[in-house]
Protein chains: 2
Amino acid sequence: MQNGHPQPIVTVDVVLLTLKDGALQVALSQREHPPHPGEWTLPGGWVHVDEDEDALAAAVRILKSKTGLQSPYLEQLQTFANRHRDSRGWSVSIAYYALVPYEQVHERLSVPTRSKPGKNDATHPRIQWRGVDSIRSLPFDHQKILETAVSRVRSKTLYSSLPIHLMPKIFTLSQLQNVYEQVLGSSLDKRTFRRRIEELDLVEPIPGALEQGGAHRPAQCYRVKRRHGRELALAEKNLR
Amino acid sequence: MQNGHPQPIVTVDVVLLTLKDGALQVALSQREHPPHPGEWTLPGGWVHVDEDEDALAAAVRILKSKTGLQSPYLEQLQTFANRHRDSRGWSVSIAYYALVPYEQVHERLSVPTRSKPGKNDATHPRIQWRGVDSIRSLPFDHQKILETAVSRVRSKTLYSSLPIHLMPKIFTLSQLQNVYEQVLGSSLDKRTFRRRIEELDLVEPIPGALEQGGAHRPAQCYRVKRRHGRELALAEKNLR
DNA sequence: TTAATAGTGTCTGTCAGACACTATGTG
DNA sequence: CACATAGTGTCTGACAGACACTATTAA
């Protein structure tokens with residue numbers, strides 16, 4: 001209650017996406033409390049006005065507490081706010097989407113934390129990965145939030161370097177092209193793809209680094225240029 | 001307070017834009033109460049959980065109460081949410097932007113309502129139009145919200161038909177091109193512009209309607225095709 | 001006639017897609 | 001050698017920008 005007005009509930013929900021088994025997958029988290037106890041939903045939570053500086057900080061905190069992830073690419077998606085989406089009352093969900101390389105998730109969720117042995121994180125959150133195109137319905141309006149996020153990621157993939165945030169630190173151009181193709185669900189022409197990547201000027205070859213092992217010509221290894229590193233991703237603004 | 005968590009304040013702010021005197025202008029509304037009493041800000045207000053169905057409905061209500069406008073093009077912009085933007089506490093602003101033809105605003109704000117003579121709307125809100133590029137600072141974080149909106153409108157103008165919502169019901173292609181140029185602040189090639197408009201397939205010539213009067217060849221009059229009328233605009237979704 | 005704006009024809013440089021070609025590793 | 005994938009050369013059709021040209025009115 002503020003100035004005589006009852007206030008809506010304010011939450012932040014995060015659509016965390018990764019590429020696994022050749023498909024775009026979303027992280028679902030199991031709810032502990034009503035409404036929908038035990039069901040799998042997008043990771044979300046209340047804004048904590050006493051500890052969160054802003055909505056982005058709330059998203060970072062929630063993502064870390066529910067998945068252990070520290071700093072994936074994170075960007076505001078859209079706000080979903082109406083009377084019916086949550087049975088507890090008129091509610092606002094400031095939705096974010098996040099991209100993370102699967103190798104990074106895998107470390108976090110399957111390997112016990114060695115850095116602080118005294119701290120018990122065995123109760124680490126229950127996360128389930130689901131292919132985004134196999135999900136038919138989710139509690140609240142999370143299905144719609146998910147669809148909005150996937151649609152946004154796919155369309156930004158058409159004209160930006162967004163999928164770079166799904167790559168490991170070192171990768172080849174063929175691997176990068178595969179990631180684009182898996183996100184979009186369609187194949188791309190090799191020459192055109194490489195021209196685009198070169199124009200974007202976001203990656204650079206690692207001198208002398210070649211990927212050996214295949215029964216074929218070894219591939220040049222690339223990395224993201226410094227100024228476009230993952231740490232800067234948080235600060236990136238909407239292009240349009 | 002919900003579930004033991006103090007809740008943020010939730011408001012909706014609207015960046016209402018029009019084209020007047022050859023430039024993009026924004027509607028500012030004079031605040032009545034603290035904080036910043038008497039100062040000019042973006043029209044905004046609380047979400048009323050008892051009367052608003054959703055955030056869009058709140059934006060419509062706020063816009064109507066502060067400007068008298070019924071149904072301009074209205075679309076969610078972005079949500080600004082942090083601890084510092086409002087001195088009353090941790091606050092959320094779900095920001096919208098709206099486009100309206102100036103002739104329509106002019107009717108509403110300067111002509112007394114004749115439809116319901118018994119109802120007094122003489123106390124109609126104080127609105128001031130300011131060129132968007134002449135504004136250097138606004139209270140709260142409204143400067144940033146304004147800049148985000150203007151930037152979004154300009155970039156969408158580059159690849160969409162957004163400025164159509166700034167046009168009167170009947171217009172010529174030259175007038176439409178002028179509007180695009182005024183929004184963008186740069187001139188466009190006539191041939192290229194007309195090709196684009198034709199491809200978008202959003203407007204149609206009005207049979208037999210020519211704009212007479214000038215000392216030159218009369219221009220064909222156009223209108224927005226039915227399926228793209230202003231009444232549908234509210235339901236339109238983000239392209240990307 | 002001139003002036004002014006509406007509207008069209010058309011050349012040209014750029015560039016994305018297509019695809020063939022060369023390069024270089026393994027077995 | 002065959003084979004597989006990496007990486008490059010290059011043709012071509014589509015198309016955006018540029019701009020000249022025609023059309024149609026008023027005075």
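Chain identifiers are assigned alphabetically (A, B, ...) following the order of the sequence lines, protein sequences preceding nucleic acid strands; residue numbering begins at 1 within each chain.
Y180(A) and Q182(A) are not linked by any side-chain donor-acceptor pair at a separation below 3.5 angstrom, with hydrogens and angles left out of the test.
Where G213(B) and Q220(A) each meet DNA chain D at their nearest nucleotide, the meeting point lying more 5' is that of Q220(A). Looking at which nucleotide of DNA chain C each of G214(A) and L173(B) is closest to, the 5′-most match is held by L173(B). Across the interface with DNA chain D, nearest-nucleotide mapping of A215(B) and Y222(A) shows Y222(A) to be the residue nearer the 5′ end. Closest-nucleotide positions on DNA chain C for R195(A) and R191(B) were compared, and the one nearer the 5' end corresponds to R191(B).
Looking at heavy-atom distances under 4.0 Å, S174(A) makes contact with sugar-phosphate atoms alone, never a base.
Taking a cutoff of 4.0 Å between a charged side-chain nitrogen and a carboxylate oxygen, R154(A) and D133(A) qualify as a salt bridge. A salt bridge does not link D189(B) with R194(B): none of the charged nitrogens is closer than 4.0 Å to a carboxylate oxygen. Between E147(B) and R152(B) no salt bridge is recorded (no basic side-chain N to carboxylate O distance below 4.0 Å).
Here chain A contacts DNA chain C (any atom closer than 4.0 Å to a heavy atom, that is under 4.0 Å), and the contacts span dA16(C) to dT26(C) from 5' to 3'.
The rotation axes computed at either terminus of the helix from dT1(C)-dA27(D) to dG27(C)-dC1(D) lie 10° apart, taking five pairs at each end and rounding to 10 degrees.
Q143(A) places a side-chain N or O within donor-acceptor distance of the main-chain N or O of I135(A), the cut-off being under 3.5 Å. A distance-only check finds a donor-acceptor pair linking the side chain of K66(A) to the backbone of G44(A) [under 3.5 Å].
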*Could you go step by step and tell me if E211(A) and R217(A) meet the salt bridge (charged side-chain N to carboxylate O under 4.0 Å, His left out) rule?*
CA-CA 9 Å; E211(A) 188 198 44; R217(A) 174 173 173 176; over 6 Å; no
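Ring orientation note: the planes of W129(A) and Y102(A) are nearly perpendicular, at an angle over 60° on the 30°/60° scale.
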